[in-house]
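In what follows, a single structure is set out as structure tokens and then discussed.
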Amino acid sequence: MSETQLFHYKCTNTVLHKIPSGIKIIIMLLLAGLAFYMPLKEGFLIWALIIIFEFFLLKFSAKEIAVDLKPSITYFIMLYSAAVIINIIAFINEKRLLAVHEILKVLTPDTVYMSLFMHLGLSMQITSVFFRTTSTMQLNEGLSIIEKTITRKTYTPLSDMLSLTITFIPRLSSFWNQIETAWKARGGKEKIGKITTLSPILFRVSMHEAYLKALARQNRTEYNFSTNSEVYKCDAPHVENLMIK
């Protein structure tokens, strides 16, 4: 199931798994930021090398890599469509028909769009490596260490809230996979109605999960219980019970 979840932790033993979480967070932020300053060709080359590194050294499956690439592919389709539409509008404003030799020019996106796609995609690929090699507990621990180092305090409200927010991204992917599976099991079709029907359910499930997490955090804060306590452990809601019959 984890293979179909976006940015889901992969439990294995690699070099990146052994790096202290605090150091890994700092490296990830620096590399993800530098991705937006990479030249076009070099950026695509580094992107390809990261995918090769994931497959051969980190032992990520092809399905896991494909799932992490889905958002980038979506961005590419959106940016490419926008570039083509803008090119067509430009020719329409010139009040002339497209010649045969100009069709290729219309279908070729501007380098600005390709650079934007590369920057976003490379940054997300770096982020996906971080999530695949860092568990929720390690993320929370790393953020807490960073906050304690900066504030010199033992209480870390900012890192607690930030870790909850970040770790909610894979949960959303998990919820969507469950809802989509239930949709297909009921004979649902791949069309616009799927999005309009499932989006409110995803929102409701996500709000329910956020409410449970907020209660759990409030209990731990008020009673100073350990984060490993099973009493206040909130499991994800069963999506099947929230589906529209």
Side-chain angles (χ1 to χ4, degrees), residues 2 5-12 14-38 50 54 58 67-68 70-72 75 116 119-177 202-237 239:
S2 63
Q5 296 176 7
L6 181 66
F7 295 162
H8 195 275
Y9 175 67
K10 183 178 179 66
C11 185
T12 184
T14 66
V15 176
L16 290 185
H17 284 77
K18 298 177 182 178
I19 298 177
S21 54
I23 297 176
K24 199 187 302 183
I25 291 173
I26 296 174
I27 293 175
M28 185 271 295
L29 292 175
L30 290 175
L31 293 179
L34 288 175
F36 288 91
Y37 296 93
M38 291 296 300
I50 291 176
E54 289 178 340
L58 299 182
V67 168
D68 289 340
K70 271 187 177 181
S72 299
Y75 289 143
L116 180 58
H119 292 152
L120 289 173
L122 180 58
S123 180
M124 290 197 66
Q125 199 67 35
I126 294 171
T127 306
S128 71
V129 174
F130 171 79
F131 275 104
R132 291 285 184 186
T133 58
T134 309
S135 66
T136 301
M137 184 177 297
Q138 291 172 339
L139 176 62
N140 188 30
E141 178 186 359
L143 291 173
S144 298
I145 292 174
I146 294 174
E147 185 174 359
K148 288 178 182 178
T149 303
I150 296 174
T151 62
R152 302 295 181 180
K153 298 179 180 179
T154 57
Y155 183 54
T156 57
L158 181 60
S159 63
D160 292 341
M161 198 59 99
L162 186 59
S163 63
L164 281 175
T165 304
I166 295 176
T167 54
F168 206 70
I169 298 175
R171 301 295 291 160
L172 285 176
S173 176
S174 175
F175 295 156
W176 177 258
N177 287 334
L202 176 64
F203 177 78
R204 189 169 67 216
V205 172
S206 302
M207 290 300 100
H208 182 62
E209 171 74 357
Y211 174 70
L212 292 179
K213 294 295 184 183
L215 288 180
R217 186 176 183 277
Q218 182 180 0
N219 288 333
R220 287 195 296 267
T221 302
E222 291 179 354
Y223 299 100
N224 197 26
F225 280 173
S226 170
T227 55
N228 294 326
S229 174
E230 293 296 329
V231 177
Y232 292 97
K233 181 179 179 182
C234 294
D235 295 325
V239 176

What are the two closest non-hydrogen atoms of Thr134 and Leu139, and how far apart are they? CG2-N, 3.8 Å

I'd like to check the side chain to side chain contact (heavy atoms under 4.5 Å, CB included) partners of Thr14; sequence neighbours left out, ordered by chain and number. Thr12, Leu16, His17, Leu58

What residues form a side-chain hydrogen bond (donor to acceptor under 3.5 Å, both in side chains) with Thr133, not counting sequence neighbours? none

Applying side chain to side chain contact (heavy atoms under 4.5 Å, CB included), can you list everything that pairs with Phe36, at least two apart in sequence or on another chain? His119, Leu120, Ser123

Check: Phe203 and Met207 side chains under 4.5 Å, non-hydrogen atoms: yes

Smallest heavy-atom separation, His8 atom then Arg132 atom, equals O-CD, 2.8 Å

Looking only at heavy atoms, the pair that brings Ala35 and Ile126 closest together is CB-CD1, 4.3 Å

For residues 29-38, which residue pairs pass the side-chain hydrogen bond (donor to acceptor under 3.5 Å, both in side chains) check, not counting sequence neighbours? none

Residues two or more places apart in sequence or in another chain: which of them pass side-chain hydrogen bond (donor to acceptor under 3.5 Å, both in side chains) with Gln125? Trp47, Glu54

Backbone N or O of Gly142 within a donor-acceptor pair of the Ser21 side chain at under 3.5 Å? yes

Kindly give the heavy-atom pair with the smallest separation between Trp176 and Leu202, and that separation in Å. CE3-CD2, 3.9 Å

Kindly compute the distance separating CG (Asn140) from CE (Met137), expressed to the nearest 0.5 Å. 8.5 Å

Leu162 CG to Ile166 CD1 distance, which is reported to the nearest 0.5 Å: 4.0 Å

Between Gly121 and Ser72, what is the shortest heavy-atom contact and its length? CA-OG, 3.5 Å

Set of side-chain hydrogen bond (donor to acceptor under 3.5 Å, both in side chains) partners for Ser144, sequence neighbours left out: Ser159

Roughly how far apart are Leu172 CG and Asn177 CG, rounded to 0.5 Å? 11.0 Å

Considering all heavy atoms of both residues, which atom of Thr127 and which atom of Ala32 are nearest to each other, and what is their separation? OG1-CB, 4.5 Å

Got Ile23 and Pro20 here, is their nearest side-chain heavy-atom distance under 4.5 Å? yes

Is Pro157 close to Glu147 at the side-chain level, that is, under 4.5 Å between some pair of heavy atoms? yes

Tell me, do Tyr155 and Lys148 make a side-chain contact under 4.5 Å, heavy atoms counted? no

Report yes if the side chains of Ile25 and Phe130 come closer than 4.5 Å at any heavy-atom pair, otherwise no. yes

CD/Gln138 to CD1/Ile19 distance, rounded to the nearest 0.5 angstrom? 11.0 Å

Taking atom CD1 of Ile146 and atom CD of Glu141, what is their separation to the nearest 0.5 Å? 11.0 Å

